[in-house]
Amino acid sequence: MKSSRNYPVYTVNKHAEGLLVGGHPWVYENDILGSPEAEPENGTLVDVVSTKGAYLGTGFLSLKSKIRVRLISRNANDTFDAAFWKRRVEYAWAYRKTVLEPADLTACRVIFGEADQFPGLTVDRFNNILVTQTLSVGMEKLKPILFPLLAEVLRADGQTIEGIYERNDEALRAKEGLAQNKGWFDLPGETHPDSTQTEICENGVFYHVDFENGQKTGFFLDQKYNRRAVARIAAGHTVLDCFTHTGSFALNAAKGGAARVTAADISAEAIAMAQRNAQRNNLTNMDFLCEDTFELLPRLEKEGHPYDFIILDPPAFTKARRTVENAMRGYKEINYRAMKLLPRGGYLATASCSHFATEELFIKMLHAAAKDAHRQLRQIEVRQQAPDHPILWGVPETNYLKFFLFQVI
């Protein structure tokens, strides 16, 4: 450890030390053995050391959260000035330019929290707008320095950025002692756009994005390559896209040459948006249905249907470990119903965006659903989130999306 340090020091137990050495960036309240006599300011930088005094990292302190420290560095020689954060942004943007196709850079995740070493921060790009969500007090305090750097770095690379919009209307902020809010971030000396809506293009499909009122930051970018996989095999098929939301999978299937696509969702607002997106893309091989999937699939099984390709991309059925069992029953129900509906030789795309519904649990559920439906699954593809949502080994929270594409035989 560097001999001279100016940060408050927190000593952690062996359990936390093992996690930190293994790559996880969080220190939980219960794992802290020693803390400064004078309590530091909430959101300040602190050092974390082992019981033997070995330096384990530096991170943001959160006095109101069970996650007491979130590491940002494991290098005792780092200086956490504006130049440091600018390098971090440049590194994150260079990574996206490497792993994404150039056409995808106008609609992508620029910062993915811990996976980019910005704990509690999400930054999505929708064409000319950056939309942020800040879920840690340390990042909240850093915004006046960090957010102008985001615009600066992308503009220096020739990207057009007209404003930064904050979507902090998230209940998790309460765990950090932060209030909910949303609105434009004031970049120094700049005015922001009048509209909180824009348009993006993904896989050649255009989408209207309402980043003020849409879910999360306004649009789900993590399935972009999974949507492309669906489009590739949709030609000539009759497709049912359940939980369609803004129509993303349905639009890709329709553009891919499906004979007919039905986009279904329980939300009338979602269906209206999906219809608007279909019109924008001049897709006439689509129809729309406002109905609960849990009621729709049994009804179709009873009445008969024309579909030979079903897509299941539900919202997270669980956001906590204690509700995983109920969630897996829900996943099994819809997958079982879809398998029963599909003719032999039909196709099934099925996904889960819940971190707590692990890949192991999801695969186990699929096996059970196939057994009960008297179907075999021929695997075509297994995918995760797009690479602009990178999975950081040692941090299972960054690995949340499961996507399977099968032929049912």
Side-chain angles (χ1 to χ4, degrees), residues 203 205 223 225-245 247-266 270-271 274 278 283-315 317 328-353 357 359 362-383 402-409:
N203 300 338
V205 178
Q223 295 263 35
Y225 296 146
N226 301 340
R227 295 171 189 138
R228 187 181 299 179
V230 162
R232 192 175 62 248
I233 65 170
H237 291 285
T238 52
V239 181
L240 172 63
D241 178 26
C242 302
F243 309 98
T244 195
H245 189 40
S248 54
F249 274 106
L251 293 163
N252 277 264
K255 190 174 180 65
R260 193 71 190 170
V261 180
T262 299
D265 200 284
I266 195 173
I271 289 297
L283 295 169
T284 58
N285 54 340
M286 298 183 67
D287 54 73
F288 302 87
L289 190 59
C290 187
E291 190 170 349
D292 184 347
T293 296
F294 284 92
E295 297 176 359
L296 170 62
L297 295 178
R299 179 176 69 78
L300 292 176
E301 185 180 357
K302 181 179 179 181
E303 297 175 359
H305 67 96
Y307 305 111
D308 61 0
F309 191 171
I310 296 178
I311 302 163
L312 301 173
D313 181 30
F317 284 171
M328 298 318 297
R329 281 196 289 268
Y331 285 120
K332 182 182 177 183
E333 170 68 12
I334 59 173
N335 280 275
Y336 163 78
R337 295 291 180 183
M339 293 176 199
K340 289 279 285 183
L341 278 169
L342 285 167
R344 298 192 185 277
Y347 293 88
L348 172 66
T350 183
S352 166
C353 61
E359 184 172 337
F362 200 69
I363 291 172
K364 182 179 178 181
M365 175 277 299
L366 288 170
H367 278 295
K371 180 180 178 181
D372 290 352
H374 304 291
R375 295 289 193 268
Q376 282 188 294
L377 302 178
R378 180 152 59 193
Q379 181 179 303
I380 302 171
E381 291 196 43
V382 179
R383 291 172 167 265
K402 283 75 60 180
F403 177 86
F404 293 81
L405 188 56
F406 298 110
Q407 185 178 42
V408 178
I409 59 176

On a heavy-atom basis, the closest approach of P315 and C353 is C-SG, 3.9 Å
To the nearest 0.5 Å, atom CD1 of I334 lies from atom CG of L296 at 11.5 Å
Check: V205 main-chain N/O paired with N203 side-chain donor or acceptor under 3.5 Å: no
With the side chain counted from C-beta on, respond yes when L240 and L297 share a heavy-atom pair under 4.5 Å apart, and no when they do not. yes
Got Y307 and L300 here, is their nearest side-chain heavy-atom distance under 4.5 Å? yes
Do you know the tightest heavy-atom contact between F294 and G330? CE2-O, 3.7 Å
I need the minimum non-hydrogen distance between A351 and P314, along with the two atoms involved. O-CD, 3.4 Å
Between S352 and F362, what is the shortest heavy-atom contact and its length? CB-CE1, 3.6 Å
Look at the side chain of D308 and the backbone N and O of G346, then say whether any donor-acceptor pair between them is shorter than 3.5 Å. no
Salt bridge between R329 and E333, side-chain N to carboxylate O under 4.0 Å? no
Quick one: are L251 and M286 in side-chain contact, heavy atoms under 4.5 Å? yes
Would you give the length of the straight line joining atom CG of L377 to atom CD of Q407, rounded to the nearest 0.5 angstrom? 10.5 Å
Check: F309 and I233 side chains under 4.5 Å, non-hydrogen atoms: yes
CG of N226 to CZ of F249: how many Å apart, nearest 0.5 Å? 5.5 Å
Does E301, at its CD atom, have more than 12 non-hydrogen atoms belonging to other residues, nucleotides or ligands within less than 6.0 Å? yes
If you define the side chain from C-beta out and look only at heavy atoms, does anything of I271 sit under 4.5 Å from T244? yes
Are the side chain of N285 and the backbone of A258 linked by a donor-acceptor contact shorter than 3.5 Å? yes
Using a 4.5 Å cut-off on heavy atoms from C-beta on, say whether the side chain of L289 contacts that of D287. no
Pairwise distance CZ(R383) to CZ(F404) - rounded to 0.5 angstrom: 12.5 Å
For residues F406 and Q379, report the shortest heavy-atom separation together with the two atoms involved. CD2-CA, 3.6 Å
So OH of Y336 and CZ of R375: to nearest 0.5 Å the spacing works out to 9.5 Å
Please evaluate residues E291 and R299 with respect to the criterion side-chain contact (heavy atoms from CB on, under 4.5 Å), reporting the C-alpha separation (whole Å), side-chain torsions for both, the decisive distance (0.1 Å), and the verdict. CA-CA 11 Å; E291 190 170 349; R299 179 176 69 78; 2.9 Å; yes
Minimum side-chain heavy-atom gap V239-T262 below 4.5 Å: no
Any L366 side-chain heavy atom under 4.5 Å of M339 side chain: yes
When rounded to the nearest 0.5 angstrom, what distance separates CG in D241 from OG1 in T293? 9.0 Å
What is the minimum heavy-atom distance between R260 and T284, and which atoms define it? NH1-O, 3.0 Å
